Amino acid sequence: MRIIKKNKPIFVSILWALLILVFYVAGGVITQVLKINEINSLLVNGVCVWLSVLIAVLYIWKSNYHFGDMGFRSIEKKSKNKILFYFPIILVEIVGFIVGIRHVSVEYLLSVVFFTVAVGFAEEIYFRSLILKTLEGKGVKKAIIISSVIFGITHLGNLVGGANIPYTIIQVVFAFAFGIVFAEIFYLTKSLIPVILWHFLHDTFGYIQKQPDIHGTILFAGIQTVILVAYALYMWKMIKNGKEKIINYEYNG
């Protein structure tokens, strides 16, 4: 807890983002050096990401926070109507299936799930729980925007993995929009469960869907981003702009 209270919040938030990136880079380096196949690559990267989850969990455990305070709790009942029963989420994911599904082996699917569950837990704990909590002193809306900017910028790391510039730019913009929606859902529900689940499913679908060309990618990403922006604006009106706690610190369920 001291690291959050005594240091500049944006600087500390960037440190959290860099910490999780270290594990992603480590996984990428290992797979490149060993030159392993795609399935084993997913497993290696999954192990590295799970290690980042372990670091975050140990930090929360050793700090003055409770896991319930940091989002490991059930959804607040009064928030269920505010998030539209996840209808926008369904719309976003349906768009991705327009191009069709790839035929994949059971082994590949299991390795994808192992990796994407790790990513869902890791990125939501770091970007929605730890970073939002770090930034809450700046006000809820500023915290949401700053954390989403950091989330989007971290996707520039895909360039290191060999991704081309147009795809990376699309991912950064898309991640920024996703980050805002995820942060808003987390703030309104006080729970990491819905955003972890959506994050996991979104990434899993991405691995089993057929990949369109650059024009198709821009089109589908554009449609999804419009849906996300509309959803973000809908929830934005429900968020107070004061400096109240983003996470219910008095939660003891």
Side-chain angles (χ1 to χ4, degrees), residues 4 9-10 13 16-17 20 56 65 68-96 119-155 171-203 205 221-251:
I4 291 179
I10 294 180
S13 299
W16 281 126
I20 189 175
Y65 298 121
D69 300 327
M70 303 304 288
F72 292 94
R73 52 172 292 186
S74 58
I75 299 173
E76 285 192 349
K77 293 182 179 179
K78 63 182 180 180
S79 69
K80 292 182 178 179
N81 292 335
K82 296 179 181 179
I83 55 177
L84 298 178
F85 297 101
Y86 300 102
F87 180 67
I89 298 174
I90 296 173
L91 288 179
V92 169
E93 300 308 330
I94 286 178
V95 172
V119 171
F121 269 95
E123 296 191 4
E124 295 314 311
I125 291 173
Y126 278 88
F127 290 97
R128 252 57 71 182
S129 185
L130 292 172
I131 290 181
L132 272 180
K133 185 64 180 175
T134 303
L135 294 168
E136 69 179 359
K138 290 186 169 294
V140 176
K141 291 188 174 181
K142 284 185 178 180
I144 289 174
I145 293 174
I146 295 171
S147 66
S148 300
V149 169
I150 295 173
F151 183 60
I153 291 175
T154 56
H155 286 72
Q171 281 193 312
V172 169
V173 174
F174 189 65
F176 171 70
F178 243 128
I180 290 180
V181 171
F182 279 10
E184 290 174 326
I185 291 176
F186 177 49
Y187 172 75
L188 292 172
T189 64
K190 308 302 181 187
S191 174
L192 280 177
I193 295 174
V195 288
I196 288 175
L197 180 60
W198 185 5
H199 201 143
F200 150 65
L201 291 175
H202 176 76
D203 288 350
F205 294 157
I223 294 173
Q224 290 176 320
T225 302
V226 169
I227 297 172
L228 288 172
V229 169
Y231 192 23
L233 291 174
Y234 166 79
M235 290 187 290
W236 192 256
K237 297 178 181 179
M238 304 178 191
I239 297 174
K240 299 177 182 179
N241 200 28
K243 295 185 178 181
E244 71 277 7
K245 299 296 182 181
I246 287 177
I247 305 170
N248 183 7
Y249 191 67
E250 298 179 352
Y251 175 76

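Note that this is a predicted model, so its numbers are computed, not measured. For the numbers below, each heavy atom of this structure counts, side chains included, while hydrogens, waters and symmetry mates do not.
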Heavy-atom side-chain contact between Leu192 and Phe186 under 4.5 Å: yes
Close side-chain approach of Ile83 and Pro194, heavy atoms under 4.5 Å: no
Side-chain donor/acceptor of Thr225 to backbone N/O of Phe174, under 3.5 Å: no
Spacing of CE belonging to Met235 relative to OH belonging to Tyr187, to within rounding of 0.5 Å: 13.0 Å
Gap between atom CH2 of Trp16 and atom OG of Ser147 - 0.5 Å precision: 15.0 Å
Shortest non-hydrogen separation from Gly152 to Ala175 and the atoms involved: CA-CB, 4.0 Å
Tyr126 (side chain) donor-acceptor with Ser13 (main chain) under 3.5 angstrom: no
Close side-chain approach of Lys138 to Ile146, heavy-atom, < 4.5 Å: yes
pair Ile185-Trp198: side-chain heavy atoms closer than 4.5 Å: yes
Separation between CZ of Phe72 and CD1 of Ile196, rounded to the nearest 0.5 Å: 5.5 Å
Spatial distance of atom CD1 (Ile89) from atom CG (Leu228) [nearest 0.5 Å]: 9.5 Å
Nearest-0.5 Å distance, CD1 of residue Ile180 to CD1 of residue Ile145: 6.0 Å
From CA spacing to verdict: ring pair (Phe, Tyr, Trp, His ring centres under 6.0 Å), Phe182, His202: CA-CA 12 Å; Phe182 279 10; His202 176 76; 8.0 Å; no
Beyond-backbone contact of Phe151 with Glu123, side-chain heavy atoms, under 4.5 angstrom: yes
Beyond-backbone contact of Ile20 with Thr154, side-chain heavy atoms, under 4.5 angstrom: no
Pairwise side-chain contact, His155 with Phe176, heavy-atom cut-off 4.5 Å (strictly under): no
Taking every non-hydrogen atom, the tightest pair across Leu132 and Ala143: CD2-O, 3.5 Å
Lys237 to Tyr234, cation-pi by 6.0 Å centre distance and 45° axis angle: no
For Ser191 against Arg73, the heavy-atom pair lying closest together: OG-O, 2.6 Å
Value rounded to 0.5 Å, distance of OG1 in Thr134 from CD1 in Ile10: 11.0 Å
Qualifying residues under salt bridge (charged side-chain N to carboxylate O under 4.0 Å, His left out), relative to Glu184, sequence neighbours excluded: none
Worked check of side-chain contact (heavy atoms from CB on, under 4.5 Å) between Glu93 and Leu201: CA-CA 9 Å; Glu93 300 308 330; Leu201 291 175; 6.0 Å; no
His199-Glu124 side chain donor-acceptor pair, cut-off 3.5 Å: yes
